[in-house]
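Counting from 1, the numbers follow the sequence of the chain as shown. This one's a predicted model, so the numbers in the text were calculated from it and none came from an experiment.
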Amino acid sequence: MSETGATSATGAGTTGAEASMPDWEKRFRAPRVSLPDWAEDAPQRSLFVSNATGTYELYAWERTTGAQRQVTERPNGTTDGALSPDGEWIWWFDDTDGDEFGVWRRQPFGGGADEPAVPGLEASYPAGLALGRDGRTVVVGRSTDDDGSTIHVVRPGSTAPVEVYRHRESAGVGDLSHDGTLIAVEHTEHGDAMHSALRVIRPDGSTVAELDDTKGGTVELGLEVLGFAPVDGDTRLLVGHQRRGRWEPMVWDVASGEENDLVLGLPGDVSAEWYPDGSALLVVHEFEARGELFRYDLSTAALERIDTPAGSVSGATARPDGSVEYMWSSAAEPPVVRSTAGGVVLDPPGMKAPKSVPVEDVWVDGPGGRIHALVQRPAGSAASSGPLPTVFEVHGGPTWHDSDSFAAGPAAWVDHGYAVVRVNYRGSTGYGREWTDALKHRVGLIELEDIAAVREWAVTSGLADPDRLILAGGSWGGYLTLLGLGTQPDSWAVGLAAVPVADYVTAYHDEMEALKAMDRTLLGGTPEEVPDRFRASSPLTYVDDVKAPVYISAGVNDPRCPIRQIDNYVTRLAARKAPHEVYRYDAGHGSLVVDERIKQVSLELDFAGRHLGGGA
């Protein structure tokens, strides 16, 4: 078959139960696939993630024959994997029940036994991986509480990994040059975990070049590695920078020091990757919750838009034949992997996810500037319909954003008669550096000011019933939910917090080291150094003011929002007999098992319905 023709991912067929299954559940169960990764020197070999068996796992795909096979099979799923450039090996990260602490293993592309990929390295949190061509240099980034960040190199003919970098602050592997002679490292040795600097080193650890936008200015600027040029001997590194107040790409020649700033004239955040021959860049532009693609010719500086539908592009890659494969969806349309050569790239068998409703854009004046929110109303309700029971679904991150993309969770609420409002509060990406960086020191409280402004709009516009407002979210969104229930107790009728930060001080001491560094950046120090800031930003501080019934779900192996600090919060709720329910499940920061995800949504819907007097 041709490399851009539609093919199917291995999966279970449909059953008679599908006919009686509600649409919201079908959206979770419908087989999905990720954007396929492909081997640089064997582009007919690809690796993708699918939930076809009911658990998200890695799959190998031989494009020339169409053959596919499941690579991993673990009770809690696997999504972190990579193909070696020659296409001979599949690397995957093996942790324990979602705790994110483990080792890399590898398996032959055609199948066979798994083996330790780097036998000399102990378990750690992953901090980047770069695989050299033809079995040459391998670079592994690690993070542990004891060692901080370390980077190790395995050279041809060597059995022992060699440490080439170490620092207490967070750092990771950015990329390895095409010929394996240069390693790009993102680091935060300056102590600001939100803004990385770059260092390029040789495989022996010696420094070649440095680029640091955190020094000498009055504002904090970050850099990110986008990738070395895919040509032997080429020392150009594609870099993301924030020098004009948003993310944009430039080409940095690490040998000569020359910087080629690419002024593309696009208003939003811009990322890019190389076309396989190094002559052009595939540009991804994200602006006001939508995404689009461009091709930028490096020799002529011509920027050409690649035709994609209105919505969000969650990933894209340029193929050796010049075509582009991309993952696209909108709030109304389920995700699909398409190609500019025409057609669907991967089309898994089985039931198809039902469509949902489109989003409406709302702009609200807030204390820090105009706030962008995305609103979905139940099917058949007009813009004048209301007031409706309304869920404020708060995104995580905090440096992330909600977009016009397909999401089964919000769609489930809409199916049950709720309006859904998603707020890109200060701290969100896609609206410029100042908006993203605004939440420092008054962490959580700033985001909630923006959510309160949009809540006021939702009520006064007639959309939302003020007596049936739900504050909900996962991860950082779960944290903001608990903080909001305590600091805005009269604003919310129900709170639903998944894998939240509940006790900020205990969370800091128990969480993985990389998140400790982020918290020190956000709050300006440790709990011992800035106790008042941690106290002001901790949901535990306000737990006795909470009036709304609270539902909390938590993974018992979660390294990001550990279980002990959640138990501390729940104990305080129980002490005053505040209405609450807690659901603990055997996984980490979320679950890769479809049944588990459906169960959690069912429990949230049931809890909300019971406490809103019959729900929607």
Quick one: list whatever passes salt bridge (Lys or Arg N to Asp or Glu O under 4.0 Å) with [X], sequence neighbours left out.
X    : answer
E40  : none
D365 : none
R370 : none
E434 : none

### Query
With respect to R243, which candidate in E248, E220, E259 satisfies the salt bridge (Lys or Arg N to Asp or Glu O under 4.0 Å) definition?
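By the salt bridge (Lys or Arg N to Asp or Glu O under 4.0 Å) criterion, R243 pairs with just one of E248, E220, E259: E259.
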### Message
My understanding is that only one of R560, R520, R142 makes a salt bridge (Lys or Arg N to Asp or Glu O under 4.0 Å) with E513; could you say which?
### Response
R520
### Query
Do other residues, nucleotides or ligands put more than 12 heavy atoms under 6.0 Å from K355 NZ?
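Counting neighbours around NZ of K355, 12 or fewer heavy atoms of other residues, nucleotides or ligands fall under 6.0 Å, so no.
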Are any non-hydrogen side-chain atoms of [X] and [Y] less than 4.5 angstrom apart?
X    : Y    : value
Y425 : H395 : yes
T506 : H509 : no
K516 : T526 : no
F101 : N557 : no
D519 : E511 : yes
R533 : V443 : no
W435 : D450 : yes

Quick check against the 3.5 Å criterion: does [X] have a side-chain atom that pairs as donor or acceptor with the backbone of [Y]?
X    : Y    : answer
S591 : V593 : yes
S538 : F534 : no
W328 : T308 : no

Under a 3.5 Å cutoff, is there a donor and acceptor pairing between the side chains of [X] and [Y]?
X    : Y    : result
Q600 : E596 : yes
T188 : S170 : yes
H401 : T429 : yes
R32  : Y56  : no

Partner residues of [X] under the side chain to side chain contact (heavy atoms under 4.5 Å, CB included) criterion, sequence neighbours left out:
X    : value
S329 : P335, S405, F406
E186 : S196, L198, E224, V225
L266 : L264, V270, V283, H285, F294, L303
D437 : M194, H195, R433

Can you name the residues that form a side chain to side chain donor-acceptor pair (under 3.5 Å) with [X], not counting sequence neighbours?
X    : value
W24  : none
R338 : none
S46  : R63

### Task
Indicate, with yes or no, if the rings of W247 and H241 have centres closer together than 6.0 Å.
no
### Query
Which atom names give the shortest non-hydrogen contact between R426 and P367, and what distance separates them?
NH2-CG, 3.3 Å
### Message
Could you report the tightest heavy-atom contact between I563 and A554, atom names first, then the distance?
### Response
CD1-CB, 3.5 Å
### Query
Who pairs with Y542 by ring pair (Phe, Tyr, Trp, His ring centres under 6.0 Å), at least two apart in sequence or on another chain?
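Listed in chain order: nothing, the list is empty.
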### Message
Can you classify the ring geometry of Y165 versus H187 as parallel (below 30°), tilted (30 to 60°) or perpendicular (above 60°)?
### Response
tilted
